[in-house]
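Data first, discussion second: the structure below is written as structure tokens.
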Amino acid sequence: MRYWLVKSEPDVYPLSQLKEDGVTPWDGIRNYQARNFMRDEMKVGDLVLFYHSNTKPPGVVGLCKVASEPYPDALQFEEGHKYFDPKATEEKPRWILVDMGYVETFEHPISLADLKSDPALEGMLVTRKGQRLSVQPVEQHHFDHIVALGRGTSR
DNA sequence: GCCAACGTTGGC
DNA sequence: GCCAACGTTGGC
């Protein structure tokens, strides 16, 4: 099993919405590296840190999980849609996603400042300046540490 | 294939 | 709202 982090702007799709929906297609990803992670490396059941970006404060607010095999993002075919891609066809889709399923909301969200100041989390991608990737891998020891912080079961 | 221009992300 | 960092586009 591998571990991941996905970013979402709470104004657009907060974790509370995923809690309501239960499962949602992780659509609108238009970055090849992020797509490749979803298409090639995610496995059903992988656990994923849910990160709120572009908010005050940004940080990890809970957990979700990979809930489907990869399949084409339907929005790429919707003419006029923000995520329409004229170069994508049903035969040759360009954008591939997985479903995300709700797991839990942390009692203690971990802000980006917390992530950055915690020596146990040194080297995490999300704390790197200029790191914009919205789907990224997380090392297991980082993941475990964050979950313990989020649940309030560490220290 | 280079690289300038442009658009986007996302912290602050 | 600003702007640094980075990805993408398109002219040449």
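Sequence lines set the chain letters: A, B, ... in the order given, protein chains first and strands last, and positions in each chain run from 1.
Side-chain contact check for A:V48 versus A:M100: some heavy-atom pair is nearer than 4.5 Å. Inter-residue side-chain proximity for A:M124 and A:V138 is flagged as met; some heavy-atom pair is nearer than 4.5 Å.
Computed from coordinates, the A:L115 CG to B:dC12 C1' distance equals 16 Å when rounded to whole Å. Separating the CG atom of A:N31 from the P atom of C:dT9 is a distance of 11 Å, rounded to the nearest angstrom. Distance, A:E9 CD to B:dG10 C1': 8 Å, rounded to whole Å. Look at NZ on A:K116: it is 9 Å from C1' on B:dC12, rounded to the nearest Å. One can place NZ of A:K7 at 10 Å from C1' of B:dG11, the figure rounded to the nearest angstrom. Between A:Q136 atom CD and B:dT9 atom P the separation is 15 Å, expressed in whole Å. In this entry the distance linking CG of A:L5 with C1' of B:dG10 reads 14 Å, nearest Å. Whole-Å rounding puts the A:L112 CG to B:dC12 P distance at 6 Å.
Remark: A:R2 engages A:E41 in a salt bridge, criterion side-chain N to carboxylate O under 4.0 Å. Contact check on A:E104 versus A:K19 returns no salt bridge, with no Lys/Arg side-chain nitrogen under 4.0 Å from an Asp/Glu carboxylate oxygen.
Here A:Y51 reaches the OP1 or OP2 of B:dG11: one of its side-chain N or O atoms lies under 4.0 Å away.
Side-chain atoms of A:Y13 and A:D27 include no donor-acceptor pair closer than 3.5 Å.
In this structure, A:Q131 and A:K87 both approach DNA chain C, and ranking their closest nucleotides by distance from the 5' end singles out A:Q131. In this structure, A:N54 and A:K129 both approach DNA chain C, and ranking their closest nucleotides by distance from the 5' end singles out A:N54.
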ask   = Can you list the steps and then say if A:Y32 with A:W95 is a ring pair (Phe, Tyr, Trp, His ring centres under 6.0 Å)?
value = CA-CA 8 Å; A:Y32 289 107; A:W95 304 108; 4.8 Å; yes

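Taking the six-membered ring for Trp and the full ring otherwise, A:Y71 and A:W26 have centroids separated by 6.0 Å or more.
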Protein-nucleotides 2-7 of chain B N/O pairs under 3.5 Å:
none

